[in-house]
Participant: 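Sharing a structure with you now.
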Amino acid sequence: MSKFILKYGRDDRVKFISHLDFVRCFHRAVRRSKLNFEFSQGFNPHPVMTIAQPLPVAVTSECEYMKVGLITGLNNEQVTAELNRAMPPGFTFYKSQRLKAKEIDLTQINMAEYIVEIECNIPGDVDYIMSQTELIVPKKTKKGISDSDIRPHIFELENIGFENGIQTVRMLVSCGSQYNLRPETVVSAMEKYCEGFGSTFVAVHRKRMLIDHKEVM
């Protein structure tokens with residue numbers, strides 16, 4: 001019986017699958033594989049697993065993380081191969097790491113890097129956005145929608161290019177239990193503060209999740 005950290009991602013083929021549906025899919029994949037879950041104790045046993053910052057619907061990623069209890073004699077590479085064999089197309093497991101102790105705390109994740117493609121009339125001025133001392137936009141919270149200053153939670157904003165009406169932007173923003181800033185909210189700030197800029201479609205890809213600028217694994 002061991003705890004593992006799994007790094008995985010999902011592409012366009014499965015980006016509309018919800019978090020709960022992914023969990024069910026993963027449970028079935030483990031049952032099809034040579035792996036066995038570690039179960040919790042009590043009257044309602046369930047697989048011991050924690051997913052860091054579940055991915056919103058319609059977002060692709062190459063850096064999702066899960067901590068899961070598995071009963072297996074396989075090594076890290078074999079665990080990764082088993083999961084890729086059992087999971088449906090569209091999901092990819094990149095790495096498995098057996099934990100000897102509490103080496104990685106997924107609750108400490110506080111940053112995420114995104115590549116965002118924005119269909120727009122003209123490119124938004126990201127340098128102007130970064131020069132602002134505050135960016136007040138409506139943000140959805142557990143208590144509803146309220147105005148929030150998101151500027152302290154944008155660490156980096158870089159224009160990668162503009163071609164055929166698509167602006168590609170790299171964003172490094174807050175991500176975690178303390179404050180989670182969605183790229184779409186940053187685009188809303190660009191619409192508000194960049195003169196003439198307006199978006200018609202946004203595609204989001206999560207590139208990395210970090211703990212104080214360091215990758216999880």
Participant: Find out whether Tyr94 and Cys63 are in side-chain contact, i.e. whether some heavy atom of one side chain is under 4.5 Å from a heavy atom of the other.
Facilitator: no
Participant: Backbone N or O of Ser96 within a donor-acceptor pair of the Thr80 side chain at under 3.5 Å?
Facilitator: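 Checked: pair present.
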Participant: Without swapping roles, check the side chain of Asn110 against the backbone of Asp212 for a donor-acceptor pair under 3.5 Å.
Facilitator: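 Such a contact is found between Asn110 side chain and Asp212 backbone.
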Participant: Between the side chain of Lys34 and the main-chain N/O of Val79, is any donor-acceptor distance below 3.5 Å?
Facilitator: no
Participant: Is the gap between the ring centers of Phe37 and His46 under 6.0 Å?
Facilitator: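 Not under 6.0 Å, so no.
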Participant: Is Lys207 paired with Glu62 through a side-chain N to carboxylate O contact shorter than 4.0 Å?
Facilitator: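 Between Lys207 and Glu62 there is a salt bridge, with a charged N closer than 4.0 Å to a carboxylate O.
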Participant: Verify, without hydrogens or angle tests, whether Lys192 (side chain) and Ile136 (backbone) share a donor-acceptor contact under 3.5 angstrom.
Facilitator: yes
Participant: Under a 4.0 Å N-O cut-off, is there an ion pair linking Asp149 with Arg151?
Facilitator: no
Participant: Flag the pair Glu64 and Lys7 as a salt bridge only when some basic side-chain nitrogen lies within less than 4.0 angstrom of an acidic carboxylate oxygen.
Facilitator: no
Participant: Check residues 122-132 and write down every donor-acceptor pair under 3.5 Å in which the side-chain atom is one partner and the other belongs to a residue at least two apart or another chain.
Facilitator:
from	atom 1	to	atom 2	distance (Å)
Asp125	OD1	Asp127	N	3.2
Asp125	OD1	Tyr128	N	3.1
Ser131	OG	Tyr128	O	2.6
Gln132	NE2	Tyr128	O	3.2

Participant: Tell me whether Arg206 contacts the main-chain N or O of Tyr114 through its side chain, where contact means a donor paired with an acceptor under 3.5 Å.
Facilitator: no
Participant: Donor-acceptor check, side chain of Arg10 to backbone of Val59, threshold 3.5 angstrom: yes or no?
Facilitator: yes
Participant: Check whether any side-chain heavy atom of Lys3 lies under 4.5 Å from a side-chain heavy atom of Glu38, and answer yes or no.
Facilitator: yes
Participant: Under 3.5 Å, side chain of Asp11 to main-chain N/O of Phe91, donor-acceptor pair present?
Facilitator: no
Participant: Give the table of side-chain donor-acceptor pairs shorter than 3.5 Å for residues 174-187, with sequence neighbours excluded, one pair per line with atom names and distance.
Facilitator:
from	atom 1	to	atom 2	distance (Å)
Ser174	OG	His153	ND1	3.0
Tyr179	OH	Ser148	OG	3.0

Participant: Apply side-chain contact (heavy atoms from CB on, under 4.5 Å) to residues Phe22 and Met87 and explain how you reach the verdict.
Facilitator: CA-CA 10 Å; Phe22 165 74; Met87 288 291 286; 3.8 Å; yes
Participant: To the nearest 0.5 Å, what is the distance between CD on Glu82 and CZ on Arg32?
Facilitator: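 So the gap between those two atoms works out to 11.5 Å.
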Participant: Between Phe26 and Tyr8, is the ring-ring contact (aromatic ring centres under 6.0 Å, His included) condition met? List the steps.
Facilitator: CA-CA 11 Å; Phe26 181 75; Tyr8 61 98; 7.5 Å; no
Participant: Any Lys/Arg nitrogen of Glu156 or Arg170 sitting under 4.0 Å from an Asp/Glu carboxylate oxygen of the other?
Facilitator: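 Yes.
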Participant: Looking only at heavy atoms, which two atoms of Phe16 and Ala58 are closest? And how far apart?
Facilitator: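 Closest heavy-atom pair between Phe16 and Ala58: CE2-CB, 3.7 Å.
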Participant: Are the side chains of Val68 and Val48 in touch, meaning some heavy atoms are under 4.5 Å apart?
Facilitator: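 The answer is no, as the side chains (C-beta and beyond) never meet within the 4.5 Å cut-off.
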Participant: Could you check Glu119 against Ser199 for side-chain hydrogen bond (donor to acceptor under 3.5 Å, both in side chains), going step by step and ending with a plain yes or no?
Facilitator: CA-CA 6 Å; Glu119 188 176 60; Ser199 67; over 6 Å; no
